[in-house]
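Input: a single structure, listed below in structure tokens.
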Amino acid sequence: MERISLQPGFEFSRIAYGMWRLADGADTSADHVLAKLDCCLEQGITTMDHADIYGGYTVEGIFGAALKTRPSLRDNIEIVTKCGIVAPVGRYADAPVKYYDTSAAHIRASVETSLSQMGIDHIDLLLIHRPDPLIDAEETGRAMDDMVASGKVRAVGVSNFRPWDFSLLQSAMHNRLVTNQIELSLTHTAPFINGDLAYLQERRLHPMAWSPLGGGGLFSGENAALLHVLEAVGKQHDADAGTIALAFLLHHPAGILPVVGTNRLERIARIGDAARIRLDRQTWFRLYTAAIGGDVP
């Protein structure tokens, strides 16, 4: 699978595997988690996307328990995680309200906890999970720089930031924010035209795309016309609708890295198929116009 350079000497697989549903299945055993990782690695998918909050703050621990049984895997994967959301579940069950915390103390504590939960000595990429209306950019930026300087984090970025949020934090940092992980799919096309992708392209930054299959919404009948087009294009390429939806994102010149999270091994085994699909411009716009419900202006 193609590798994407986020900065010199720092590469991710073009498609990442998302861990946000890892705790949802009945089987969270180390053997089952390792089976998913092996399935990814067989396709060249080496980038594993986490957040401390996933699974009510349990997913990093589940992943770490599996990694502990085969520690050599750490040398073959890149680990992404996020911090900054405090929700009244799990270790924050006593929190009176869900809130964001981008203070230096919280970032440091989150990194230490993530390292401990996963049993690793460094995080490859740390993201601030959501824009914080109370962010002190100088404090947050300094904390992110400090994490890189400590060696506990190799690179830093953000998630769900708008361009102005990104610029504010970047203005207070020495290290470059290497990505913005945003919601992007055929069910959420706004970033193609609202400036989010253009901003990153201008800065030669590769976006990561969460929920690239619309959280399953592509297949729920919410947009029957879109699903029909996906299936028609899929027949032309001997691929299913989900594969075509990923190929749609991979076609974009921004070099988007979709983060695919499915628990079913048979689906995980097909994730990499999207990398072999080549869409022409007319087909891409056929899918896009079906997604937006009409012709482009």
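- The side-chain heavy atoms of H129 and N160, taken from C-beta on, include a pair separated by under 4.5 Å.
- Side-chain contact between V156 and V148 is present, with at least one heavy-atom pair separated by less than 4.5 Å.
- In this structure the side chain of Q181 never reaches within 4.5 angstrom of the side chain of P207, judged on heavy atoms.
- Cluster membership check: L205 shares its hydrophobic cluster with I15, using side-chain heavy-atom separations under 4.5 Å among Ile, Leu, Val, Met, Phe, Trp and Tyr.
- Following chains of ILVMFWY side-chain contacts shorter than 4.5 Å, one can reach L67 starting from L126, so the two form part of one hydrophobic cluster.
- By the rule that hydrophobic residues join a cluster once side-chain heavy atoms approach within less than 4.5 Å of another member, V80 and F63 end up as members of separate clusters.
- In the hydrophobic clustering of ILVMFWY residues, with side-chain heavy atoms under 4.5 Å counting as a link, L125 and I53 come out apart.
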- Take D124 and R74 through the test salt bridge (charged side-chain N to carboxylate O under 4.0 Å, His left out) and record every step on the way to the result. CA-CA 11 Å; D124 292 292; R74 180 65 184 99; 2.9 Å; yes
- Any chance you could lay out the side-chain contact (heavy atoms from CB on, under 4.5 Å) test for T283 and H251, step after step, and finish with the verdict? CA-CA 11 Å; T283 301; H251 180 81; over 6 Å; no
- Let me see the working for H237 and L279 under side-chain contact (heavy atoms from CB on, under 4.5 Å), right down to the final yes or no. CA-CA 9 Å; H237 293 274; L279 301 178; 4.0 Å; yes
- W284/F192 under ring-ring contact (aromatic ring centres under 6.0 Å, His included): CA gap, chis, key distance, verdict: CA-CA 13 Å; W284 193 92; F192 288 112; 5.5 Å; yes
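- Both L177 and L184 belong to a single network of hydrophobic side chains, linked directly or stepwise wherever heavy atoms of I, L, V, M, F, W or Y lie under 4.5 Å apart.
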